[in-house]
Amino acid sequence: MKLRLKGSQLIEEGLLIVLALVMLGAVFGVSKQIVDNISNFFDSLIKGVSDLGYSLFGWLLP
């Protein structure tokens, strides 16, 4: 009976470790996606400002 209880605790701890690793991977995946979206936003903002500046003052360039 004692051996069975010990094995059950080991299985439970193993499952908790696996669940923690899966959740850690999900957090890193979501955070990477958020950083990528912010980077894309600023890239498009810089491109938009650049296009606006060129359309307004592009005639000044040779």
Side-chain angles (χ1 to χ4, degrees):
M1 184 73 174
K2 201 171 199 181
L3 184 64
R4 189 174 189 185
L5 183 63
K6 198 173 196 180
S8 173
Q9 288 175 345
L10 288 175
I11 291 173
E12 181 183 356
E13 288 179 13
L15 289 174
L16 288 174
I17 289 172
V18 169
L19 181 62
L21 290 175
V22 167
M23 293 304 290
L24 191 62
V27 166
F28 280 129
V30 168
S31 64
K32 182 187 179 308
Q33 188 176 14
I34 289 171
V35 169
D36 288 344
N37 286 340
I38 291 172
S39 176
N40 288 337
F41 170 75
F42 282 113
D43 286 343
S44 66
L45 182 69
I46 290 170
K47 185 181 180 309
V49 169
S50 174
D51 290 344
L52 179 64
Y54 182 76
S55 67
L56 291 174
F57 302 109
W59 55 273
L60 291 173
L61 297 174

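Computed from a predicted structure; not experimentally measured.
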> When rounded to the nearest 0.5 angstrom, what distance separates CZ in F57 from CG in L52?
Replying inline: 8.5 Å

> Cluster question for you: counting only ILVMFWY and a side-chain heavy-atom cut-off of under 4.5 Å, with indirect links fine, are F41 and I46 together?
Replying inline: no

>> Quick check: do I34 and S31 have side-chain heavy atoms less than 4.5 Å from each other?
In response: no

>> Could you see if L24 belongs to whatever hydrophobic cluster contains V22? Use Ile, Leu, Val, Met, Phe, Trp, Tyr and a side-chain cutoff under 4.5 Å.
In response: no

> Does one hydrophobic cluster hold both L16 and L21, with members joined at side-chain heavy-atom distances below 4.5 Å?
Replying inline: no

>> Under a 4.0 Å threshold between the charged nitrogen and the carboxylate oxygen, would K47 count as salt-bridged to D43?
In response: no

> For the side chain of S44 and the backbone of N40, is there at least one donor-acceptor N/O pair under 3.5 Å apart?
Replying inline: yes

